[in-house]
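Computation of the quantities below employed the complete heavy-atom set of this structure, encompassing side-chain atoms and omitting hydrogens, waters and symmetry-equivalent molecules.
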Amino acid sequence: MLRHGGLALAKALLAGWCDQLNRRGDPLVVISFGGDDAQLLKAPETGARIREWIDRIPGGGGTPLSSGIQLVDRTVRRLRS
């Protein structure tokens, strides 16, 4: 992600989605992958703070895809119940 500009592209896409969701008043939760784990990151509710929040999301290391998929599954199940 870092070597080929993927993280910068992902952050630019995230910023665009945040802008769209904020205009509609919809919440946003991001799943961050890093190290051996994945975690939920709740975006701030104001546009000015979102850019700072996105800038602080770290990159590097391996991507534990299975941890992220498991977290998505648990989160969706919890939201549906």
Which atom of L40 lies closest to which atom of R78, heavy atoms considered: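 Shortest heavy-atom contact: CD1-NH2, 4.2 Å.
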Compare every heavy atom of I54 with every heavy atom of C18, then report the nearest pair and how far apart it is.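 Minimum heavy-atom separation between C18 and I54: SG-CD1, 4.3 Å.
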Assess the residue pair D73 and R77 against the criterion (salt bridge (charged side-chain N to carboxylate O under 4.0 Å, His left out)); give the C-alpha distance rounded to whole Å, side-chain angles, the decisive distance to 0.1 Å, and a yes or no. CA-CA 6 Å; D73 184 57; R77 287 175 193 264; 2.9 Å; yes
Test side chain to side chain contact (heavy atoms under 4.5 Å, CB included) applied to R23 - qualifying residues, sequence neighbours left out: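 Per chain and number, R23 pairs via side chain to side chain contact (heavy atoms under 4.5 Å, CB included) with D19, Q20.
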What's the spacing between R56 CZ and K11 NZ if we round to 0.5 Å?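 Taking CZ in R56 and NZ in K11, the distance rounds to 10.0 Å.
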From L71 atom CG to I31 atom CD1, the distance as rounded to the nearest 0.5 Å: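 So the gap between those two atoms works out to 4.5 Å.
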Each residue besides L9 in its hydrophobic cluster should be listed here, by chain and number; the cluster joins Ile, Leu, Val, Met, Phe, Trp and Tyr at side-chain heavy-atom distances under 4.5 Å.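 Taking Ile, Leu, Val, Met, Phe, Trp and Tyr as members, L9 shares its hydrophobic cluster with L13, W17.
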Would you please test I57 and L14 for side-chain contact (heavy atoms from CB on, under 4.5 Å) and show each step? CA-CA 11 Å; I57 297 173; L14 179 58; 4.0 Å; yes
Under the salt bridge (Lys or Arg N to Asp or Glu O under 4.0 Å) test, which residues partner R80, sequence neighbours left out?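 With sequence neighbours excluded, R80 shows a salt bridge (Lys or Arg N to Asp or Glu O under 4.0 Å) to no residue whatsoever.
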